[in-house]
Amino acid sequence: MSRQSQAFIPTLKDAPADAEAISHKLMVRAGLIRQMGAGLWTYLPAGWRVERKVEAVIREEMEGIGCQEMLMPVLQPAEPWKKSGRYAIDELFKLEDRKGSPLVLAMTHEEAITYHVAREVRSYRDLPLMLFHIQTKERDEPRPRAGVLRTREFTMKDAYSFDRDEEGLARSYDLQSGAYERILDRCGVRWYKVESDVGMMGGSGADEFMAPCPAGENEVALAPGYAANVEVASARAQPVELPAPLSAPERVSTPGLTTVEEVSGALEVPAGALIKALPVIVEDRGMVLVLVRGDHRLNEIKLRNALGAEFRQAGAEEIAAGLGPVGFIGPVGAKIPVIKDAAIVGGSFVCGANEPDAHLRGVQPSRDFEFEELDVRTVEAGDTAPGGGTIEIEPAIEVGNIFKLGSRYSDPLGATFLDENGKEQAIVMGSYGIGPARIVAASIEQRADDRGIVWPRAIAPWQVHLVSLAKAGEPEREAADRIYDALGAAGAEVLYDDRDAGPGEKLTDAELLGCPLRIVAGRRGLAEGVVEASERASGAEHKLPVEDAAERALALLAGVDDGSGDA
RNA sequence: CGGGGAGUGGCGCAGUCUGGUAGCGCACUCGGCUGGGGGCCGAGCGGUCGCAGGUUCAAAUCCUGUCUCCCCGACCA
């Protein structure tokens with residue numbers, strides 16, 4: 001129940017000059033949010049209503065699977081973070097109180113929840129257990145961007161499961177996964193569940209819920225029956241036509257030609273017939289030469305996971321000292337371990353000769369150099385997915401993610417229980433995050449048209465936007481007032497535009513704000529005894545008799561097909 | 001962290017090169033007209049030109065430093 005003349009919904013004719021993403025522009029323009037600093041946003045009343053609606057959906061689905069709500073502080077002692085090993089993360093905000101005690105601003109709540117569970121849970125009889133809260137997170141992001149999409153402070157629903165073993169974890173994980181699917185469907189978000197990297201969370205397995213949209217900062221590899229973040233995606237490469245094999249590598253002079261393009265051009269072979277050699281320094285292992293096909297890109301996350309260790313690119317001096325001249329290095333004759341990407345197959349490649357201004361052709365793996373084979377390249381559109389489908393790559397927003405943590409936190413923080421045999425065991429944990437703000441942004445990105453936002457009913461700030469085109473005191477305004485009262489009496493959520501503004505401004509604002517049903521009460525319709533209802537999503541228009549306009553509007557609303565799973 | 005761009009009234013911008021009265025559109029206030037797609041007329045309010053220091057008779061403008069914001073990349077539970 002809101003009269004727009006008294007509401008704080010500052011709409012803008014133009015988007016801020018520095019906004020790029022659709023959701024960023026529209027959320028600012030529609031008066032949902034305003035910026036306070038880089039990655040720091042205020043939710044204005046209409047925006048906050050939307051955010052709270054998403055939270056309400058999340059709450060219902062969490063409670064539906066027996067996950068209990070609680071609330072943990074954002075400001076926390078540093079101690080548990082030191083124990084878990086995450087105190088070293090750059091993104092973690094660190095501070096001190098007046099006594100000099102180290103504190104942190106939590107970026108997630110694994111440490112806090114594990115701290116509590118470690119103290120209260122003692123027996124297998126206390127398990128399984130699922131807890132969640134909806135709380136602010138703080139992250140010192142290197143680069144906040146795109147409005148509400150990547151911020152330094154944001155609200156997240158994070159849930160945690162506690163089980164006695166892996167089977168229990170699998171059950172909890174499935175329950176959470178199902179809840180996430182329902183949450184996103186109900187919020188009208190199109191999504192894919194994809195395999196993902198465990199990242200800084202640590203743990204044994206993870207899935208992400210990705211909402212495809214242009215502003216997405218992740219890329220997902222999709223094919224029928226296959227979906228994975230490109231960070232971890234694996235597929236069969238497109239074949240490349242190799243030159244005829246030689247009985248032994250042959251040295252060719254390539255003066256000054258150091259890039260794949262230059263060498264493939266000069267030797268008239270496709271880029272994929274080259275081997276790119278990338279020297280990296282692996283933690284505790286020294287320099288290793290990683291090979292990928294000339295037309296492929298090394299995927300650092302896949303390499304890190306395959307190595308089971310951190311690594312960095314070797315510096316120019318290190319390369320010169322350990323291998324050969326930068327730009328002309330290759331695996332033949334290299335005196336360091338070689339990792340060959342699995343997509344390098346066949347017997348006649350071109351690679352650096354480890355001497356200035358020279359390459360080798362006719363190089364054949366195994367025959368000419370030894371290697372360990374790993375899948376470390378980034379998949380590309382057109383590759384063949386494990387199921388046989390053709391890979392497409394699409395940008396997407398990560399709206400949620402779920403992790404099998406195992407004992408990643410229960411070990412360092414001492415969260416254990418006694419089993420039936422009186423034996424102490426580590427609690428097996430899972431963690432499940434979802435970002436309401438990203439759901440809001442994704443919903444806008446996926447559904448907006450050139451006039452503005454198109455909300456699904458479940459998260460619209462108001463269900464009905466009643467627009468009076470008349471001025472206060474006119475009979476047409478009184479008719480609108482009566483409809484407003486009737487809608488309110490019927491329990492509908494109505495935003496009533498009773499501002500003394502021109503019709504163009506009001507109608508444009510209504511489309512910008514995107515409530516599912518707009519009702520226009522103006523002189524033209526009222527002269528024939530009707531008001532005009534239009535569905536924001538479909539554009540369908542209906543004339544409703546004034547006398548029972550409210551009732552008819554509610555009936556219409558119930559049938560509005562808004563594209564969400566909740567209609 | 002690397003590259004690029006920008007800080008001038010609430011928003012969008014001009015003015016900066018070539019130093020000399022701070023300006024435009026929108027918004028806002030008041031009055032009037034208008035009333036189905038951001039309308040019109042008139043009168044107004046509102047700015048330490050991001051900050052600090054320097055050069056100069058004089059700095060939005062030149063110099064030095066610094067802060068902030070945006071975009072691309074790196075990074076990103």
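Order of the sequence lines fixes the chain letters, A, B, ..., with proteins taken first and strands second; residue numbering starts at 1 for each chain.
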Base, sugar-phosphate, or nothing for [X], non-hydrogen atoms under 4.0 angstrom?
{"X": "N401(A)", "value": "base"}
{"X": "N218(A)", "value": "nothing"}
{"X": "F154(A)", "value": "base"}

Whole angstrom is fine here: how far is it from [atom1] in [X] over to [atom2] in [N]?
{"X": "I301(A)", "N": "rC76(B)", "atom1": "CD1", "atom2": "P", "result": "6 Å"}
{"X": "N299(A)", "N": "rA74(B)", "atom1": "CG", "atom2": "P", "result": "12 Å"}
{"X": "I397(A)", "N": "rC76(B)", "atom1": "CD1", "atom2": "C1'", "result": "15 Å"}
{"X": "R34(A)", "N": "rC11(B)", "atom1": "CZ", "atom2": "P", "result": "10 Å"}
{"X": "E231(A)", "N": "rC75(B)", "atom1": "CD", "atom2": "C1'", "result": "11 Å"}
{"X": "I9(A)", "N": "rA27(B)", "atom1": "CD1", "atom2": "C1'", "result": "18 Å"}
{"X": "K13(A)", "N": "rG37(B)", "atom1": "NZ", "atom2": "C1'", "result": "12 Å"}

Anything under 3.5 Å between a protein N or O and an N or O of nucleotides 31-36 of chain B, put it in a table, one pair a line.
| from | atom 1 | to | atom 2 | distance (Å) |
| --- | --- | --- | --- | --- |
| rG35(B) | O6 | K471(A) | NZ | 2.2 |
| rG35(B) | N2 | A501(A) | O | 3.0 |
| rG36(B) | O2' | R524(A) | NH1 | 2.9 |
| rG36(B) | O6 | G522(A) | N | 3.3 |
| rG36(B) | O6 | G522(A) | O | 3.2 |
| rG36(B) | O6 | R524(A) | N | 3.4 |
| rG36(B) | O6 | G525(A) | N | 3.1 |
| rG36(B) | N1 | E532(A) | OE1 | 2.6 |
| rG36(B) | N1 | E532(A) | OE2 | 3.3 |
| rG36(B) | N2 | R524(A) | NH2 | 3.4 |
| rG36(B) | N2 | E532(A) | OE1 | 2.4 |
| rG36(B) | N3 | R524(A) | NH2 | 3.4 |

Practice prompt. Starting from the 5' end of RNA chain B, give me the residue, R150(A) or R451(A), whose nearest nucleotide shows up first.
Written response: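 Looking at the nearest nucleotide for each, R451(A) comes out on the 5' side.
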
If the threshold is 4.0 Å, N to carboxylate O, is there a salt bridge linking [X] and [Y]?
{"X": "K157(A)", "Y": "E55(A)", "value": "no"}
{"X": "R482(A)", "Y": "E476(A)", "value": "no"}
{"X": "K471(A)", "Y": "D500(A)", "value": "no"}
{"X": "E20(A)", "Y": "R145(A)", "value": "no"}

Nearest-angstrom distance, [atom1] atom, [N] to [M]:
{"N": "rG15(B)", "M": "rG47(B)", "atom1": "C1'", "value": "14 Å"}
{"N": "rG20(B)", "M": "rC30(B)", "atom1": "C1'", "value": "36 Å"}
{"N": "rC17(B)", "M": "rC63(B)", "atom1": "C1'", "value": "15 Å"}

Test item: side-chain donor near acceptor, [X] and [Y], under 3.5 Å:
{"X": "N229(A)", "Y": "E208(A)", "result": "yes"}
{"X": "Y160(A)", "Y": "D158(A)", "result": "yes"}
{"X": "K193(A)", "Y": "S177(A)", "result": "yes"}

Worksheet item: Counting only Watson-Crick or G-U wobble pairs whose two distances fall under 3.5 Å, which nucleotide matches rC17(B)?
Response: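 Here rC17(B) is not engaged in any pair, so there is no nucleotide opposite it.
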
Discussion item. Which nucleotide, if any, forms a Watson-Crick or G-U wobble pair with rC26(B), using both distances under 3.5 Å?
Written reply: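 Paired with rG10(B).
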
Atom pairs, protein N/O to nucleotides 68-71 of chain B N/O, distance under 3.5 Å:
| from | atom 1 | to | atom 2 | distance (Å) |
| --- | --- | --- | --- | --- |
| rC69(B) | OP1 | A38(A) | N | 2.9 |
| rC70(B) | OP1 | Q35(A) | NE2 | 2.8 |
| rC70(B) | O3' | D18(A) | O | 3.4 |
| rC70(B) | O2' | D18(A) | O | 3.4 |

Item to complete: Apply the side chain to side chain donor-acceptor pair (under 3.5 Å) test between S431(A) and each candidate in Q176(A), K404(A), E110(A), R408(A); give the one that qualifies.
Response: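 With S431(A) as partner, side chain to side chain donor-acceptor pair (under 3.5 Å) holds for just one option, E110(A).
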
Practice prompt. Please name the residue in the list R518(A), R536(A), K506(A) that meets the side chain to side chain donor-acceptor pair (under 3.5 Å) test with E511(A).
Written response: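 With E511(A) as partner, R518(A), R536(A), K506(A) yield a single side chain to side chain donor-acceptor pair (under 3.5 Å), made by R518(A).
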
Item to complete: Determine the interplanar angle of the W191(A) and F209(A) rings, folded into 0 to 90°, and report it as parallel if under 30°, tilted if 30 to 60°, perpendicular if over 60°.
Response: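 Tilted, since the angle between the ring planes falls between 30° and 60°.
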
Discussion item. What I want to check is whether an N or O donor and acceptor connect the side chain of E511(A) with the base of rG37(B) at under 3.5 Å.
Written reply: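 Under the 3.5 Å cut-off, the side chain and the base do form a donor-acceptor pair.
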
Item to complete: Among the candidates rG38(B), rC76(B), rA74(B), find the nucleotide nearest to the side-chain atoms of P142(A).
Response: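 Among the listed nucleotides, the one closest to the side chain of P142(A) is rA74(B).
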
